[in-house]
Amino acid sequence: MLNPTDFPKPTIIPVNGVELEVFEAGRENEGKPIVLCHGWPEHAFSWRHLMPTLAAAGYHVIAPNQRGYGNSSRPTEVTDYDIEHLSGDLVALLDHYGYEDATFVGHDWGAFVVWGLTLLHPNRVNKVINLSLPYQVRGEKPWIEVMEEFLGGDFYFVHFNRQPGVADAVFDENAYQFLRNLYRKNVPPAPPEPGMAMINLARAETPLGEPVMSDSELAVYVSAFESSGFTGSINWYRNLDRNWRLLADVDPIIQQPVLMIYGDGDWAIPRSENLTEFVPNVEVVGLDCGHWIQEEMPEETNQVISKWLEQQDATV
């Protein structure tokens, strides 16, 4: 477990019409950037175990709190959180440092952003490492429409879109309880309860399974969301169908070398069955953990990523 006071101090950087709170390691390694993109409901602090390893390997590590999170800007317009804005922030971040391109690492929603960035700005991405969320194929129907059809109105992606503000208020009111109950591992399987699962989780007085992090580490997340609220981060979900439209005319094939890391016990996200059709240069690794891969198995995650990066550097 890491003492939160050992985490790098942030810099506020203006990009793309907003300000991002950015944490760095290995600044002396200028010229070899790697950008770490967190998921929901996370924070750049989720990369605390990986950052020192990458810095020691010679990388300039850049870990932003993306828009809507931490002390980064939280625009009020829902459409300000679409994939064009989120990927535009990362492009502008590269411009700020004077980098043509970088390796990008994403977890959960951060992986969606990295996939989208690579499609929209392929010349700015040299390698991709994504955790948990595989490439999402753009089908004939918008994503939320498909989820509503197959998973119903209480599925949290759908609920966030169809009942705006409802879940936000519950999470804001129960920030500690929600995050404590969410960041667990080895949770025993249970039949689904009626209602919206994330709201049920936020209201549950007793957590299941085992904690993923220490109380002091969890406090970093709780403090951040008590300050920012959850609406900005949930607005990412409210752009899924807009993103579907924005990606309509983009070449859907990812040509860059890609490392895809799954948690074999991840209840939230199934493995992609056709990943290589759209990501031909992918290596797939499964770790014996749940959804919070880099938090649950930090040493193993570091080893897999470091080994893959070494192999990529050796083939250049």
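- Ring to ring, Phe230 and Phe178 are close: their centroids are under 6.0 angstrom apart.
- Between Tyr97 and His60, the ring center distance clears the sub-6.0 Å criterion.
- Using a cutoff of 4.0 Å between basic side-chain nitrogens and carboxylate oxygens, Arg271 and Asp266 are not scored as salt-bridged.
- Not a single side-chain hydrogen bond (donor to acceptor under 3.5 Å, both in side chains) links Arg180 to another residue, sequence neighbours left out.
- Centroid-to-centroid, the aromatic rings of Trp236 and Tyr69 come within less than 6.0 Å.
- A salt bridge between Arg67 and Glu19 is absent, with no side-chain N of the basic residue lying under 4.0 Å from a carboxylate O of the acidic one.
- Between Phe157 and Trp143, the ring centre distance reaches or exceeds 6.0 Å.
- With respect to Lys185 and Glu295, no salt bridge is recorded, no charged nitrogen being found less than 4.0 Å from a carboxylate O.
- A salt bridge between Lys307 and Glu310 is absent, with no side-chain N of the basic residue lying under 4.0 Å from a carboxylate O of the acidic one.
- Checked for salt-bridge contact, Arg74 and Asp80 miss the test: no charged N lies under 4.0 Å from a carboxylate O.
- Look at Asp313 and Lys32 and you find a salt bridge, because one of the NZ, NE, NH1 or NH2 atoms lies within 4.0 Å of a carboxylate O, short of that distance.
- A salt bridge links Asp95 with Arg124: the closest approach of a Lys/Arg side-chain nitrogen to an acidic carboxylate oxygen falls below 4.0 angstrom.
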